[in-house]
Amino acid sequence: MNTGKAGRIVAAAIFMASLVSCNFSFGNKPGEYESDEPGETVGSSWDVLTPLHSRYTGQFLLGNIISPLDLNTVRFNLLKRHFNTVTAENAMKPDAIQYQRGQFTYPDTMVNAVLEAGMQMHGHTLVWHSQTPLWMNTGVSREQAITNMTNHITQVLTNFQGKVVSWDVVNEAMRNDASPSTDWRLSLRKNENPAQSENSRWNQIIGDEYIELAFKAARDADPAAKLYYNDYNLNMSNPNKAYAVYRMVKDINERCPAYGGRKLIDGIGMQSHHHLNTDPATVEESIQLFASLGVEIAISELDIQAVFYGSPYSSFTEDAAKAQAQKYAALFIIFKKYAANISRVTFWGIDDATSWRKESFPVLFDKQYKAKPAFYAVENPNKY
Ligand code: 9MR
């Protein structure tokens with residue numbers, strides 16, 4: 001519509017008046033968000049920013065990963081300021097805790113420091129096909145493998161009882177090329193699968209009941225701990241896998257005797273290693289599906305790749321940073337909507353330089369611990 005010169009003058013006058021008379025909002029275009037916190041500008045250092053977790057008080061915990069090497073460093077202070085729960089990136093995996101049979105190396109100093117700092121500790125992970133010493137499940141009888149698995153679980157949960165509030169008991173048991181069958185067992189990793197990365201010695205030697213045996217051992221060892229099944233690609237871009245996990249949790253929780261009125265599997269961890277092409281609707285669909293089981297949902301390993309094969313960006317440009325921030329905002333709008341079902345949202349990486357996918361710039365802080373646009377998107381997703 002052409003309003004003519006007079007119209008433009010009137011519009012300009014109204015615009016100027018509004019600036020003077022009230023707190024005029026320009027209505028941020030995507031990516032042009034400015035924090036409403038005094039003293040915060042895009043690119044602020046981690047230590048001047050309002051604690052990120054405070055944005056989600058009463059909704060869900062906000063977490064990140066930790067390593068024992070982070071203690072007494074700026075990284076620990078960053079964690080303490082912005083997050084209220086942490087997950088050990090590697091220090092609680094089977095090969096880290098019990099590399100040799102019977103010799104337990106517990107990251108107790110780290111866990112104690114986490115609790116003293118007022119954060120919660122989540123345990124990752126007890127039973128996995130990867131980062132597991134061969135002696136546990138290779139070249140041993142089925143009975144010995146069950147003993148090795150359940151003993152590991154019992155020892156570890158006993159050591160951390162009262163300190164680690166929740167555990168990823170079984171990690172990544174499902175194949176990525178899960179079957180459309182209603183029998184979830186057909187989707188489990190097993191050594192029969194020709195793809196090496198899809199193998200699970202646990203299933204091969206014990207059979208599919210290794211999963212419920214693991215959860216029972218964990219429940220017996222620490223009845224207070226919340227027990228999770230954790231896996232990746234659980235959004236509906238891979239519906240076979242999401243449904244296989246759904247059916248497994250439903251079946252085990254229906255079949256296995258209730259423990260003190262609780263379900264054996266308390267929750268599902270959706271790892272959430274995303275990229276710019278992830279469709280948030282597929283995430284929402286899975287949250288709805290898992291929530292229908294009456295279990296908790298943890299967004300357990302969140303990151304969003306910006307530069308990757310198939311990305312519109314070949315380097316981490318300003319536009320790539322904005323697109324990434326918008327994706328984070330879209331996801332957090334969904335997480336807020338389902339806050340009643342979501343216990344925790346944990347990022348898998350403090351800064352881009354130390355992320356497992358550092359070449360794709362996937363997390364909230366840059367290598368100097370300055371907030372990327374993604375930080376502000378998480379801080380205020382509705383406004384972003
Ligand atoms: O971030 C972890 C990286 O340092 C390890 O080298 C890797 C080894 O498997 O595991 C990474 O963490 C994984 C997590 O334990 C399970 N889900 C996928 C994570 C990223 O690979």
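Computed from heavy atoms alone, side chains included, the values below leave out hydrogens, waters and symmetry copies. When a ligand or atom number is given, it counts from 1 through the structure's own listing order.
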*Record the part of Trp348 in heavy-atom contact with ligand 1 below 4.0 Å; permitted values are side chain, backbone, both and neither.*
side chain
*Answer with side chain, backbone, both or neither: which part of Asn90 has a heavy atom less than 4.0 angstrom from an atom of ligand 1?*
side chain
_Could you tell me if His274 and Gln305 have a donor-acceptor pair between their side chains, going purely by distance under 3.5 Å?_
no
What's the shortest distance from [atom] to any protein heavy atom, and which residue and atom give it?
atom: atom 10 (O) of ligand 1; result: Lys93 NZ, 3.0 Å
atom: atom 8 (C) of ligand 1; result: Gln131 OE1, 3.0 Å
atom: atom 14 (C) of ligand 1; result: His124 NE2, 3.4 Å
atom: atom 1 (O) of ligand 1; result: Glu89 OE2, 2.5 Å
atom: atom 18 (C) of ligand 1; result: Glu301 OE1, 3.2 Å

*Could you go step by step and tell me if Phe308 and His275 meet the ring-ring contact (aromatic ring centres under 6.0 Å, His included) rule?*
CA-CA 8 Å; Phe308 57 101; His275 50 67; 5.0 Å; yes
*asked:* Please check if the number of heavy atoms outside Phe160 that lie under 6.0 Å from its CZ is greater than 12.
replied: yes
_Surrounding CG of Asn72 (heavy atoms of other residues, nucleotides or ligands, distance under 6.0 Å), is the total greater than 12?_
no
*Could you tell me which atoms of ligand 1, counted from 1 in the order shown, lie closer than 4.0 angstrom to a heavy atom of Glu172?*
16 (C), 17 (N), 18 (C)
_Using heavy atoms and a 4.0 Å limit, tell me yes or no: is His273 in contact with ligand 1?_
yes
Which of parallel (below 30°), tilted (30 to 60°) and perpendicular (above 60°) describes [X] and [Y]?
X: Phe332; Y: Tyr56; result: tilted
X: His82; Y: Phe365; result: tilted
X: Tyr243; Y: Tyr246; result: perpendicular

*N or O pair under 3.5 Å between Trp128 and ligand 1*: no
*Can an N or O of Asn171 be found at a distance shorter than 3.5 Å from an N or O of ligand 1?*
no
*Quick one: is the NZ or CZ of Lys370 closer than 6.0 Å to the six-membered ring centre of Phe375, and within 45° of its axis?*
no
